[in-house]
Structure formats: structure tokens, C-alpha cells
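Notes follow once the structure below has been shown.
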Amino acid sequence: MVDLVIGTQWGDEGKGKLIDLLAGNYDIIARANGGANAGHSVKFKDKSFAFHLIPSGVFSEKAQVVIGHGTVLHLETLEQELNDLEKEGISVTGRLFISDRAHITTDLHKEIDGAQEELKAGQKVGTTKRGIGPTYADKMNRIGLRMYDLLEPELFEEKLRLLFNWHKKTLNIELNADEYLAKYQKLAEKLKPFIADTAYFLNKSLKEGKTVLVEGAHGVMLDIDHGTYPFVTSSNVISANMATGLGLPPQAIKDAFGIVKAYTTRVGSGPFPTELTDALGDQIREAGGEYGTTTGRPRRCGWFDAMVVKYAVMLCGLTAINLTKLDVLDKLETVKFAVGYSHNGKKLDCIPASLKVLEEVEVEYLEMPGWQQSTAACRKFADLPQAAQDYVKKLEELVECPIRWIGVGPKREETVVR
Ligand code: GDP
Ligand code: IMO
Ligand code: MG
């Protein structure tokens with residue numbers, strides 16, 4: 001049995017927290033897509049951790065953790081995360097499995113990411129500059145380096161030199177191959193024990209009756225196909241890609257839990273219909289600590305958008321929702337949310353492909369009274385102030401998916417379970 005946790009907006013909805021909360025109920029926690037562009041925070045024993053590559057479920061010490069072939073791995077970041085966990089006394093020996101087919105993000109890819117952003121001039125995506133797009137592009141160009149290659153030093157050297165020469169010729173970007181070969185030799189020694197055929201491992205585990213929780217990265221509106229292209233990331237984010245990125249049969253998936261922030265945020269460029277560019281937007285950013293986990297950039301903030309979340313429910317077949325950060329709205333006098341879009345007087349059914357249209361949509365809002373009291377101590381739905389209950393129920397009705405958990409603070413226990 002496989003369940004998924006999927007970001008439904010523009011990322012940073014609070015996926016890490018639910019993964020950490022649920023991890024103890026599963027045998028295996030797995031990442032299927034993206035790389036160190038993801039930043040998933042977990043509050044553990046009053047300390048904050050930010051995971052970029054290792055699944056956030058790693059604090060559940062009985063869980064096995066898998067990084068699937070659909071991810072792209074910056075090995076220096078991976079090593080750093082392993083060291084950080086070691087310092088906390090969290091051992092991953094014998095329980096971390098990294099796909100032999102996952103592609104490697106090198107520093108060269110990070111350089112390319114930055115250089116390509118410069119070339120885009122006024123059309124910058126606002127990437128995290130973690131080399132994600134260039135790594136996936138090299139994978140598709142069939143010149144990428146895979147984790148398996150680390151196990152065959154001669155093959156690795158041949159492939160690395162080809163890759164470095166390729167980018168020297170095409171983009172005139174050059175890094176010292178000899179230096180990197182020496183560095184990767186050391187990294188290979190450290191990572192070798194974790195490299196495995198994870199698709200086989202996962203499928204064998206499912207046959208043995210084990211359960212898997214997949215930690216999606218990013219959010220549906222950043223999906224390479226379904227998001228606000230080209231202002232998206234370079235992987236698919238929707239449920240179906242969780243099967244692809246791990247080599248799991250789609251019918252093994254049971255539940256898909258959507259993570260939905262009680263308002264909306266976005267980092268980087270691109271249209272954002274409910275964005276608040278005024279003092280209220282700043283107030284929400286400060287109340288929610290809306291600064292990027294990976295890059296520290298201030299996140300753009302706006303009202304909840306039912307058009308966006310309905311789109312995610314549709315594309316991902318979501319079976320339940322974790323509404324997060326409800327507490328961030330505690331002080332507001334009124335709360336608003338988008339219920340529909342129209343363009344030139346015509347109502348839109350869904351998110352349009354045209355960014356121009358999305359930028360120009362007239363947003364239809366619904367306004368409700370705020371609750372103006374703290375929700376942080378609430379643990380049951382009935383504990384929430386009536387106006388907060390009404391807000392949750394209205395969102396649920398609009399997006400047509402049950403809201404099972406409500407986040408009222410960053411800590412594991414600061415969750416209302418319905
Ligand atoms: P992710 O990328 O989806 O895992 O989300 P991030 O970790 O990038 O950003 C979410 C932030 O919100 C983190 O700092 C979490 O600790 C915090 N957070 C998660 N859920 C809640 C919540 O219900 N209330 C509050 N106040 N903070 C939360
Ligand atoms: P998590 O998993 C928020 C955004 C970047 C940029 C665009 C492309 O923490 O929710 P990239 O570096 O991927 O090429 O950047 O995508 N982006 C995210 N925004 N949360 C994320 O991940 C993101 N991953 C990518 O800000 O706009
Ligand atoms: Mg994040």
C-alpha cells in the first residue's frame with residue numbers, strides 16, 4: 001500500500017510537517033522527484049531542520065528511507081545532510097536506499113542554472129539555482145551521470161569528462177574535471193553503501209506487505225507540464241509522477257494527501273492571481289515566516305485560491321487534505337478567498353494555459369469574518385473558533401475534498417485531526 005503527500009499550490013505548503021507526523025505509521029518513506037530545490041522543514045525536539053534531499057520521515061527511526069530514481073542529487077548537499085543527521089545522533093545505516101538510477105547534479109549544473117537565468121534577462125524564472133533544470137535536461141540529452149556510475153570509476157571518469165567538455169563547447173562554462181573526479185571518488189566511498197536498485201526494493205517490500213509514504217516535492221502549480229510554464233520547476237509534481245519516479249505500479253497508490261496552505265505563497269517569478277502586494281501581504285509574510293527554506297527569499301503572499309486547489313484535486317486524485325498554517329490568519333479581521341476566475345467577462349472552468357490570460361483574470365472573491373483569536377492550542381475541530389470552522393468548511397466545500405488535518409502551528413502536535 002502506497003500513500004502520497006503532494007503540494008497543491010506553489011510549494012512550501014508544509015509537506016515536511018505532515019510527513020514527519022505520519023512517518024511512524026509507515027515502513028518506508030520515499031522521495032520521487034526534484035532535488036535540492038526542495039526545502040522541507042520539520043520541527044523536531046524544539047529544533048528546526050530543513051531537508052533538501054533526504055526524506056523528512058527520517059526522524060522516524062524505524063522507517064526505511066528511499067530516494068528514488070526520479071530525483072536529482074547534488075552529492076555534496078547529500079553528504080552535508082547525512083553529516084547533520086549524524087550530529088543529531090540519527091543513524092541511517094542500513095535504512096537509507098538511494099536509487100542507482102538517480103541522476104547527479106554537479107556544481108557545473110548549478111553554474112549553468114545561473115548562466116541560463118542571466119540569458120533569460122527579463123524572463124527569469126527565479127530558480128533556486130540548485131542546477132535542477134540543467135540536470136534534468138542532461139538526463140533527457142542522455143549525457144547525465146547516474147548514481148550507478150559512481151560504482152564504476154572508469155565509466156564515471158569517461159562520462160564526467162564528456163559532460164564537462166559538452167558544456168565547455170556548448171555554453172563555454174568550464175570547471176576543472178580533475179578536481180571533481182578526486183572529489184567524487186571520496187563521495188563515492190561515503191555513498192556506496194546506500195546505492196541500491198530502489199524500484200526492486202520497493203516492489204519487493206510491497207509484496208511483503210510493507211507500507212510506503214511518498215514525500216512529493218514542490219507544488220502542482222510548479223509542475224513542468226501542468227504548472228504556470230515556463231515559471232515552473234523541471235519535474236512533474238502530480239501523483240502520477242510519484243509512481244514513475246519510484247518505479248511503482250500506479251494501482252499500488254491508495255491515498256493522495258494534498259497539502260494546502262490556508263492562504264497562498266509563491267517564490268520566484270510568474271503569475272499569481274490572488275497575490276497581495278500591499279501591507280496585508282507583508283503582514284501575512286511576517287506572521288507565517290514566509291521566507292524560503294532553501295534560498296531565504298521572501299515568499300510572495302496572497303489569499304487562498306480555490307481555482308488552484310481544485311486543479312490539484314483534479315490532477316492528483318486527492319483523497320484528503322491537510323490544511324496548513326490556519327493560525328497565520330488568526331489576527332485578521334476578515335479573510336478572503338478566490339472562488340472563480342473570469343476573463344473578458346467569460347467565466348473560466350479551469351487554470352488557463354495562457355499566462356497572459358492568467359495574469360489578466362478577474363478574480364471572484366468570497367469574504368468571511370476572521371476569528372481574531374489564537375488557534376494554536378486547538379487540537380479538535382470543535383476547539384476552533386466558529387469563524388475558523390466556517391472558513392475550513394467553506395474551503396472544503398469549494399475544493400470538493402475532505403480536510404482531515406488542520407495545522408495550527410509548526411510543531412508536530414500543533415495539528416487538529418478531524
Ligand atoms: P514544504 O516545502 O511544503 O515542506 O514547506 P516548508 O517547510 O518549505 O515551509 C513550511 C513552513 O511552515 C515551515 O517553516 C513549517 O515549519 C511551517 N509550518 C508547517 N505547518 C504549519 C502550521 O500549521 N502553522 C505554522 N504556523 N507553521 C507551519
Ligand atoms: P518545496 O518542495 C517553492 C520554484 C522556484 C522557482 C521555480 C523553478 O520546498 O515545496 P528550480 O530551482 O526548481 O528550477 O526553480 O520553482 N520552486 C519552489 N518553490 N518550494 C519548492 O519546493 C520549490 N521548488 C522549486 O522558486 O520559482
Ligand atoms: Mg519548502
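Whatever order the structure lists ligands and atoms in, that order sets their numbers, starting from 1. Both backbone and side-chain heavy atoms feed into the values below; hydrogens, waters and symmetry mates do not.
Taking a cut-off of under 4.0 Å to the non-hydrogen atoms of Gly407, the atoms of ligand 1 that pass are 23 (O). Set against the non-hydrogen atoms of Gly268, the atoms of ligand 2 under 4.0 Å away are 27 (O). Below 4.0 Å from some heavy atom of Trp10 lie the following atoms of ligand 2, by number and element: 3 (C), 19 (N). The ligand atoms of ligand 2 that sit less than 4.0 angstrom from a heavy atom of Ala217 are 2 (O). Atoms of ligand 1 lying under 4.0 Å from at least one heavy atom of Arg299, given by number and element, are 8 (O), 9 (O). Of all the atoms in ligand 2, the ones that sit under 4.0 Å from a non-hydrogen atom of Val125 are 8 (C), 27 (O). Residue Asp12 has at least one heavy-atom neighbour below 4.0 Å for each of these atoms of ligand 1: 1 (P), 2 (O), 3 (O), 5 (O), 8 (O), 9 (O), 10 (C). Applying the 4.0 Å criterion to heavy atoms of Thr293 picks out, from ligand 1, the atoms 6 (P), 7 (O), 8 (O).
Backbone or side-chain N, O or S atoms of Gly292 do not reach the Mg ion (ligand 3) at under 2.8 Å.
Salt-bridge annotation for Glu360 and Lys356: present, with a side-chain N of the basic residue lying under 4.0 Å from a carboxylate O of the acidic one. The pair Asp113-Lys110 does not meet the salt-bridge criterion, since no charged nitrogen lies less than 4.0 angstrom from a carboxylate oxygen. Salt-bridge annotation for Asp84 and Lys87: present, with a side-chain N of the basic residue lying under 4.0 Å from a carboxylate O of the acidic one. Between Lys261 and Glu290 a salt bridge is recorded (basic side-chain N to carboxylate O distance below 4.0 Å). Salt-bridge check for Glu414 with Lys17: failed, with every basic side-chain N at 4.0 Å or more from each acidic carboxylate O. Using a cutoff of 4.0 Å between basic side-chain nitrogens and carboxylate oxygens, Glu397 and Lys394 are scored as salt-bridged. Between Asp197 and Arg101 a salt bridge is recorded (basic side-chain N to carboxylate O distance below 4.0 Å). In summary, Lys124 and Glu117 do not engage in a salt bridge, as defined by a charged side-chain N under 4.0 Å from a carboxylate O.
Using a 4.0 Å heavy-atom cutoff, Lys15 is listed among the residues neighbouring ligand 2. Contact between Asp12 and ligand 2 is present, with at least one heavy atom of the residue lying under 4.0 Å from the ligand. Residue contacts with ligand 2: Gly39 is included, with a non-hydrogen atom under 4.0 Å away. The shortest heavy-atom distance from Ile259 to ligand 1 is not under 4.0 Å. Using a 4.0 angstrom heavy-atom cutoff, Gly126 counts as in contact with ligand 2. Within the 4.0 Å heavy-atom cutoff, Arg299 does not count among the residues contacting ligand 2.
On a distance-only criterion, Lys325 and ligand 1 share at least one N/O pair closer than 3.5 Å. Considering backbone and side-chain atoms together, Arg130 places no N or O closer than 3.5 Å to any N or O of ligand 2. For ligand 1, the polar-atom distance check finds no N/O of Thr324 at less than 3.5 Å from any of the ligand's N/O atoms. When only interatomic distances are considered, the shortest N/O to N/O separation between Ala38 and ligand 2 does not fall below 3.5 Å. Annotation: His218 places an N or O atom under 3.5 Å from an N or O atom of ligand 2; distance criterion only. On a distance-only criterion, Glu13 and ligand 2 share no N/O pair closer than 3.5 Å. Between Thr233 and ligand 2, at least one N/O pair is under 3.5 Å apart. Geometrically, ligand 1 and Gly409 share a nitrogen or oxygen pair separated by less than 3.5 Å. Among the atoms of Gly16, some N or O lies under 3.5 angstrom from an N or O of ligand 1. Between His40 and ligand 2, a contact under 3.5 Å exists for at least one N or O pair. Considering both main-chain and side-chain atoms, Thr127 never comes within under 3.5 Å of ligand 2 through any nitrogen or oxygen pair. Any N or O atom pair closer than 3.5 Å counts here, and Lys43 shares no such pair with ligand 1. By the 3.5 Å distance cut-off applied to N or O atoms, Val232 is not counted among the residues near ligand 2.
With a 4.5 Å cut-off on side-chain heavy atoms, Lys120 and Pro230 do not count as touching.
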query: Step by step, would you call Asn236 with Asn33 a side-chain hydrogen bond (donor to acceptor under 3.5 Å, both in side chains)?
result: CA-CA 7 Å; Asn236 284 111; Asn33 73 306; over 6 Å; no
message: salt bridge (charged side-chain N to carboxylate O under 4.0 Å, His left out), that's the test. Do Lys393 and Asp390 meet it? Break it down for me.
response: CA-CA 5 Å; Lys393 282 190 193 150; Asp390 293 345; 5.0 Å; no
- request: Please test Asp12 against Arg266 for salt bridge (charged side-chain N to carboxylate O under 4.0 Å, His left out), starting from the C-alpha separation and ending with a verdict.
  value: CA-CA 8 Å; Asp12 303 327; Arg266 169 163 209 174; over 6 Å; no
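The aromatic rings of Tyr180 and Tyr184 sit tilted relative to each other, their planes meeting at an angle between 30° and 60°. In this structure, Tyr391 and Phe337 have perpendicular ring planes: the angle between them is above 60°, well past the 30° mark.
For atom 12 (O) of ligand 2, the nearest non-hydrogen atom of the protein is Thr128 OG1, 2.6 Å. Closest to atom 26 (O) of ligand 2, if we only count protein heavy atoms, is Arg297 NH2, 3.0 Å. The protein heavy atom nearest to atom 27 (O) of ligand 2 is Val267 O, 3.0 Å. Of all protein heavy atoms, the one lying nearest to atom 26 (N) of ligand 1 is Asp327 OD2, 2.7 Å. Looking at atom 20 (N) of ligand 1, its nearest protein heavy atom turns out to be Lys17 CD, 3.5 Å. Taking atom 18 (C) of ligand 2 as the reference point, the nearest protein heavy-atom neighbour is Leu222 CD1, 3.5 Å. The shortest contact between atom 16 (O) of ligand 1 and any protein heavy atom is with Pro410 CB, 3.5 Å.
Shown here for Ala217 and Val237, the closest heavy-atom pair between the two residues is O-CG1, 3.5 Å. Between Ser235 and Gly34, the shortest heavy-atom distance links the atoms OG-N, 3.8 Å.
With hydrogens and angles ignored, the 3.5 Å screen pairs a side-chain donor or acceptor of Gln389 with a backbone N or O of Phe381. A donor-acceptor pair under 3.5 Å is formed between the side chain of Arg285 and the backbone N or O of Arg299. At least one donor-acceptor pair under 3.5 Å links the side chain of Asp149 to the backbone N or O of Arg146.
Contacts between Val408 and ligand 1 below 4.0 angstrom, taking non-hydrogen atoms only, involve the backbone exclusively.
Of the candidates Asp107, Thr135, Thr106, Thr105, Asp107 is the only one forming a side chain to side chain donor-acceptor pair (under 3.5 Å) with His74.
Of the angles at the Mg ion (ligand 3), the one spanning OD1 of Asp12 and O of Gly39 is 160° when given to 10°.
Checked against the 6.0 Å centroid criterion, the rings of Phe231 and Phe272 do not qualify as a close aromatic pair.
Closest heavy-atom approach to atom 6 (P) of ligand 1 within the set Ala217, Ala376, Gly39, Ala287: this belongs to Gly39.
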